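The structure appears right after this line, and notes come after that.
In what follows, chains are A, B, ... by sequence order, proteins preceding strands, each numbered from 1. What you are looking at is a predicted structure, and each value in this text was computed from that prediction instead of being measured.
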2 protein chains.
Amino acid sequence: MARRNDHSPDELRRLALDAARRLVAEEGLRGLTVRRVAERIGYAPGTLYNLFANLDELVLRLNAETLDRMAEALAAAAACPPMERAAALVEAYFDRIEAEPFAWGVLFEHRLPAGTALPDWYGARLDRLIGIAVAALEPLMTAWPVLERRRAIVAMWAGLHGISTLAVGSKLALVGPGDPRALGRLLVSRVIAAGPP
Amino acid sequence: MARRNDHSPDELRRLALDAARRLVAEEGLRGLTVRRVAERIGYAPGTLYNLFANLDELVLRLNAETLDRMAEALAAAAACPPMERAAALVEAYFDRIEAEPFAWGVLFEHRLPAGTALPDWYGARLDRLIGIAVAALEPLMTAWPVLERRRAIVAMWAGLHGISTLAVGSKLALVGPGDPRALGRLLVSRVIAAGPP
DNA sequence: GCAGAGTTTTGAACGGCGTTCAATATGTGC
DNA sequence: GCACATATTGAACGCCGTTCAAAACTCTGC
């Protein structure tokens, strides 16, 4: 069989990624298998290997789209008056995660085999995200020297990831009071206000 | 076959966890399988199911020990003059992670099947860890109201986890300058110094 | 219409996985 | 020695990711 002509390769990739996203939303990374994706889109497992090098690449593509969605949410939130901007970004960040907690979890749960590096197109997504945060927050950090601002923003960024990761894995509730959003607000507002050491 | 009497059940669990830790150190979570652990300790795969309910429990036990080691490292670092304590804790934290980066990664990479809660004995480990940080740092946070201190410490704690997770998965280098330790120091020192919003 | 070339799709096959469980080998107490 | 209890085994099951020769399809040139 070949060229069923139902779908172009790009359409097939779209179908596969949508099916994968749905599987992840339902059961997390453990529920995402090549065979199940294939079944959901009505093709044989082998077909997926024409579209992606292997399951790892499919997961990376899925994660890239998750990052893109976050980037759009943050960019939209950044378009507000400077005074409210930091708070708006934090809210948008957690809104996005709560909309798709499993997909966000996969971002950290998935690791490439030892020795395999993340592809460039994936790194570009991370860059874009941090770039949005830097552009939005830098002007607010009047207490910081210009050259230190990016570093501080990366620290906040990583800090938010930590909070959200622990929250998604329900390892945060065990440890203390306060919802993740409050912790995120705390972290970001304190670092912005504090100024350098 | 039965009662080979080479090892008591507790000794067997010890052997299995040691083998598991070595496998993780070599290849990460992907390299940790029931069959390989069994092979390394010279028993059949089925035997491991007398010692652990399943592979998930084995991983949780391994993670619990990883948390215990971190707790000991932090407790040791906290026994220093208050002025140096925050910095000492951050250094000890990253020292520990660098000693076993793969094992630390497994802490976040591993998720239980959807719907399964973390067991109590695991939560106790998390509690002990955060308790050590709270006891060590609370006295330093003179700018914070007493009731807010724990919340702020949890936020820092989660923030450090974010930094270390991104660093271990090499998703941090892609995004900005500065080594993880510097970001950790920045986060902790700024929150401690800042005082509440 | 048709033949052949060129692709896409298939599905069986492979080795490995977690997990179960009847059968078995080894102890212990009599 | 013998029966009881238990720790251990390893084959079996159903799943997994991945490969690849064969098959099914489309397209081209006639």
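- The separation between B:Leu48 atom CG and C:dC21 atom P is 17 Å, rounded to whole Å.
- One N or O donor and one acceptor, one from the side chain of B:Arg35 and one from the base of C:dG18, sit under 3.5 Å apart.
- Following rounding to the nearest Å, B:Leu12 (CG) and D:dA7 (P) show an atom-to-atom distance of 11 Å.
- Taking the side chain as every heavy atom from C-beta outward, B:Leu15 and B:Glu11 never approach each other to under 4.5 Å.
- Side chain of B:Thr47, nearest nucleotide from D:dG17, C:dT10, D:dT9: D:dT9.
- Exactly one residue among A:Arg36, A:Arg40, A:Arg21 makes a salt bridge (charged side-chain N to carboxylate O under 4.0 Å, His left out) with A:Glu26. That residue is A:Arg40.
- One atom, OH of A:Tyr43, and another, P of C:dT9, lie 5 Å apart when rounded to the nearest Å.
- With distances taken from any side-chain atom of B:Val34 to the nucleotides C:dC17, C:dT19, C:dT8, the minimum falls on C:dT19.
- Taking atom CG of A:Leu55 as the reference point, atom P of D:dG17 lies 6 Å away to the nearest angstrom.
- The interatomic distance linking B:Tyr49 (OH) with D:dG10 (P) rounds to 16 Å, in whole Å.
- Cation-pi geometry between B:Arg61 and B:Trp121 is met: the NZ or CZ atom falls under 6.0 Å from the ring centre, inside 45° of the normal.
- At a threshold of 4.5 Å between non-hydrogen side-chain atoms, the residues A:Leu60 and A:Leu118 count as touching.
- B:Leu51 places its CG atom 8 Å from the P atom of D:dT8, with the value rounded to the nearest Å.
- Counting to the nearest Å, the P atom of C:dT9 and the CZ atom of A:Arg13 are 11 Å from each other.
- When the C1' atom of D:dT18 is taken as reference, atom CZ of B:Arg30 falls 13 Å away, rounded to whole Å.
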